[in-house]
Amino acid sequence: MTEPWLLETRVFKLKPGTRAEFDRISRDGTIPLMRGIGITVLAFGPSPLDEDEWHLVRAFPGMEERVRLAGSLYEQPEWAQFDGPINEMMADYSTALVPVPESTVKLLSEPGAFA
């Protein structure tokens with residue numbers, strides 16, 4: 001039996017008034033960078049529940065790949081331009097991992113799955 005995929009949800013608690021800029025940097029910079037190195041980004045954006053929260057949902061084909069790809073992200077030369085600004089905007093963040101079958105990731109990857 002194959003190892004389940006990991007569905008990772010991150011919720012970023014942002015400093016008041018920074019969410020629009022965090023969203024812009026993420027949409028224009030960090031999300032394309034993640035996708036460019038092979039991270040499966042399923043959903044992201046401002047929280048509908050809290051004006052100071054932003055979410056990111058990613059999927060990894062196992063813990064080993066999650067560690068490898070996350071490490072690779074922070075080693076990218078482009079990451080340096082985002083690291084300072086986004087860390088300055090964050091007050092806190094939390095991460096939840098849920099093991100799911102690959103078929104779930106495929107369903108969530110379809111256009112409109114998070115609409």
What's the separation between atom [atom1] in [X] and atom [atom2] in [Y], rounded to the nearest 0.5 Å?
X   : Y   : atom1 : atom2 : answer
I25 : Q81 : CD1   : CD    : 9.0 Å
D50 : L14 : CG    : CG    : 9.0 Å
F12 : S94 : CZ    : OG    : 9.0 Å

How about CD on Q76, more than 12 heavy atoms from neighbouring residues, nucleotides or ligands closer than 6.0 Å, or not?
yes

For the student: nearest non-hydrogen atoms of [X] and [Y], plus distance:
X    : Y    : answer
L42  : A59  : CD1-CB, 3.9 Å
S26  : P32  : O-CD, 3.6 Å
A113 : L107 : CB-O, 3.5 Å
P16  : D52  : CA-OD1, 3.4 Å

In terms of side-chain geometry, is the basic nitrogen of [X] or [Y] positioned less than 4.0 Å from the acidic oxygen of its partner?
X   : Y   : answer
R19 : E51 : no
D23 : R27 : yes
E88 : K15 : yes

Test: ring pair (Phe, Tyr, Trp, His ring centres under 6.0 Å). Region: residues 55-76. Which pairs qualify, not counting sequence neighbours?
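Pairs touching residues 55-76 that pass the test: Y74-W79.
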
Decide yes or no on side-chain contact (heavy atoms from CB on, under 4.5 Å) for L33 and F82, but give the supporting numbers first.
CA-CA 10 Å; L33 182 59; F82 309 125; 4.2 Å; yes

Between [X] (side chain only) and [Y] (backbone N and O only), is there a donor and an acceptor less than 3.5 Å apart?
X    : Y    : result
R35  : V41  : yes
S109 : V105 : yes
E53  : L49  : no

Check whether any side-chain heavy atom of [X] sits under 4.5 Å from a side-chain heavy atom of [Y], and report yes or no.
X   : Y   : result
I37 : S72 : yes
M34 : R58 : yes
E8  : V98 : no

Audit row: M89, E21, side-chain contact (heavy atoms from CB on, under 4.5 Å) steps and yes/no:
CA-CA 9 Å; M89 291 181 245; E21 180 63 4; 3.8 Å; yes

Would you list the pairs meeting salt bridge (charged side-chain N to carboxylate O under 4.0 Å, His left out) in which at least one residue belongs to residues 73-87, sequence neighbours left out?
none

Verdict with reasoning, V11 to T95, per side-chain contact (heavy atoms from CB on, under 4.5 Å):
CA-CA 7 Å; V11 176; T95 303; over 6 Å; no

If hydrophobic clusters are built from ILVMFWY residues whose side chains come within less than 4.5 Å, do L73 and I31 share one?
yes

Same hydrophobic cluster for W5 and L108, using side-chain heavy-atom links shorter than 4.5 Å among ILVMFWY?
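In one cluster: yes.
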
Taking side-chain contact (heavy atoms from CB on, under 4.5 Å) as the criterion, tell me which of V57, L56, T30 meets it with F44.
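Going through the options one by one, the only one that passes is L56.
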
Checking side-chain contact (heavy atoms from CB on, under 4.5 Å) for the pair M63/L97: CA distance, chi angles, key distance, verdict?
CA-CA 10 Å; M63 186 61 78; L97 292 176; 3.7 Å; yes

Aromatic rings W54 and F22: how do their planes relate, parallel, tilted or perpendicular, breaks at 30° and 60°?
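The arrangement is perpendicular - the two ring planes meet at more than 60°.
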
